[in-house]
Asks: 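Sharing a structure here in structure tokens format.
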Amino acid sequence: MHLVRRRAPLGWAVGDNWPPEIAWTPPRVTSASDIEEARRHSGWACSGKGCGDVLRRVISGVIVAGVVGVTQAGTSAVAAPAATVPAQGSTQTAVLHKAPVRLDGLTELVIRRIEVGDEVAASKYFSGKPVEDPVREQQIIDSVRASAVQLGIDPDSTAAFFQAQIEASKVVQRGLLAKWAADPSSTPTSGPDLDAVRQELDELTTGLLTELVRVDHLRHTGLACDVSLLVATTTGAAKHHFDRLHRQALAVGTATVCG
Ligand SMILES: C=C(O[C@@H]1C=C(C(=O)O)C=C[C@H]1O)C(=O)O
């Protein structure tokens with residue numbers, strides 16, 4: 001078996017118990033789509049004999065952590081009481097000793113911004129405006145840098161986070177415009193005014209900055225941040241019925257959260 005790390009959302013080594021706060025034994029997860037889901041979300045690429053077990057461990061952990069994340073919603077982020085959670089597809093159980101840090105609020109706003117990308121795409125489909133507007137992008141980056149200084153968070157990582165949001169929006173816009181060009185029957189019937197949509201994006205910027213301040217101390221916690229982000233993005237994408245394109249945008253938009 002050959003296992004390589006393509007990116008680093010999880011700070012664990014092969015053979016570690018995962019997630020570290022959860023004592024678990026892997027439930028049976030066998031379908032091809034589960035494994036494909038694990039491959040896409042784990043940040044690991046695996047080839048050869050034994051990969052199935054490794055990937056099953058990852059997706060099993062995601063399921064358990066997701067269940068825990070949902071059941072622990074609204075409770076304290078640390079030192080939560082122990083809870084027993086039934087593992088999907090198995091009689092085995094996972095025991096939660098400590099809830100992971102939560103990035104649901106930030107992720108929810110990233111998701112909303114991605115959804116607004118659909119409206120931007122529809123607007124541009126009718127106006128013929130290009131996907132990319134470098135002047136507007138620079139205005140956003142300059143503005144969030146200035147806000148970061150005022151709010152006492154790092155301007156460079158704040159700028160990188162918002163650059164990722166802009167890239168995520170462009171992933172959605174390009175994907176939808178390409179889809180509509182290939183299949184005219186799927187095109188929108190109307191498109192909103194771009195200025196109105198940009199106002200919505202500006203409001204989201206304020207919300208995202210507030211969330212970045214709130215989770216600032218969690219963003220450099222390594223594994224805890226990685227696990228929390230994985231749970232938040234996995235459950236968020238499922239809750240919003242994200243398709244492949246929007247999941248891809250979500251991966252782009254959250255790439256700089258834990259660093
Ligand atoms: C969303 C737009 O499309 C692109 C993405 C942007 C963004 O995500 O903020 C900004 C400018 C464009 O490069 C837009 O034109 O407003």
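Just so you know, ligand 1 is whichever comes first in the structure, and atom 1 is the first atom listed for that ligand. Below, all heavy atoms of this structure are taken into account, side chains as well, without hydrogens, waters or symmetry copies.
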Asks: In the protein, which heavy atom is nearest to atom 6 (C) of ligand 1, and how far is it?
Replies: I166 CG2, 3.9 Å

Asks: Considering non-hydrogen atoms of the protein only, which is the closest contact for atom 4 (C) of ligand 1, and what is the distance?
Replies: V131 O, 3.2 Å

Asks: Atom 2 (C) of ligand 1: which of R198, R136, K124, E119 has the nearest heavy atom?
Replies: K124

Asks: Determine, stepwise, if the pair D118 / H246 fulfils side chain to side chain contact (heavy atoms under 4.5 Å, CB included).
Replies: CA-CA 10 Å; D118 289 33; H246 291 79; 2.8 Å; yes

Asks: Quick check on contacts: which atoms of ligand 1 are under 4.0 angstrom from a heavy atom of L201?
Replies: 1 (C)

Asks: Report, one line per pair, each donor and acceptor closer than 3.5 Å where one atom sits in a side chain of residues 201-210; sequence neighbours left out.
Replies:
unit_1 : atom_1 : unit_2 : atom_2 : d
D202   : OD1    : R136   : NH1    : 3.4
D202   : OD1    : R136   : NH2    : 3.1
T205   : OG1    : L201   : O      : 3.0
T206   : OG1    : D202   : O      : 3.4
T210   : OG1    : T206   : O      : 3.0

Asks: Please check this pair: side chain of T234 against backbone of V231, looking for a donor-acceptor N/O pair closer than 3.5 Å.
Replies: no

Asks: Any N or O of I140 that comes nearer than 3.5 Å to an N or O of ligand 1?
Replies: no

Asks: Out of K170, E137, R113, Q165, whose heavy atom sits nearest atom 8 (O) of ligand 1?
Replies: R113

Asks: Give the contacting part of V120 toward ligand 1: side chain, backbone, both or neither, where contact means a heavy-atom distance below 4.0 Å.
Replies: side chain

Asks: Using distance alone, determine whether Q173 and ligand 1 share an N or O pair under 3.5 Å.
Replies: yes

Asks: Can you list everything that forms a salt bridge (Lys or Arg N to Asp or Glu O under 4.0 Å) with R112? Sequence neighbours excluded, please.
Replies: E115, E119, E200

Asks: Can you list the ligand 1 atoms lying under 4.0 Å from a non-hydrogen atom of S169?
Replies: 1 (C), 8 (O)

Asks: Look at the side chain of S228 and the backbone N and O of C225, then say whether any donor-acceptor pair between them is shorter than 3.5 Å.
Replies: no

Asks: Report the distance from atom CZ of R145 to atom CD1 of I141, rounding to the nearest 0.5 Å.
Replies: 8.0 Å

Asks: Atoms of ligand 1 less than 4.0 Å from E132 heavy atoms?
Replies: 13 (O)

Asks: Check each heavy atom of V197 against ligand 1 and say whether those closer than 4.0 Å belong to the side chain, the backbone, both or neither.
Replies: neither

Asks: List the steps and the verdict of side-chain hydrogen bond (donor to acceptor under 3.5 Å, both in side chains) for S169 and Q165.
Replies: CA-CA 6 Å; S169 178; Q165 305 320 303; over 6 Å; no

Asks: To the nearest 0.5 angstrom, please state how far the OG1 atom of T233 sits from the CD1 atom of I111.
Replies: 8.0 Å

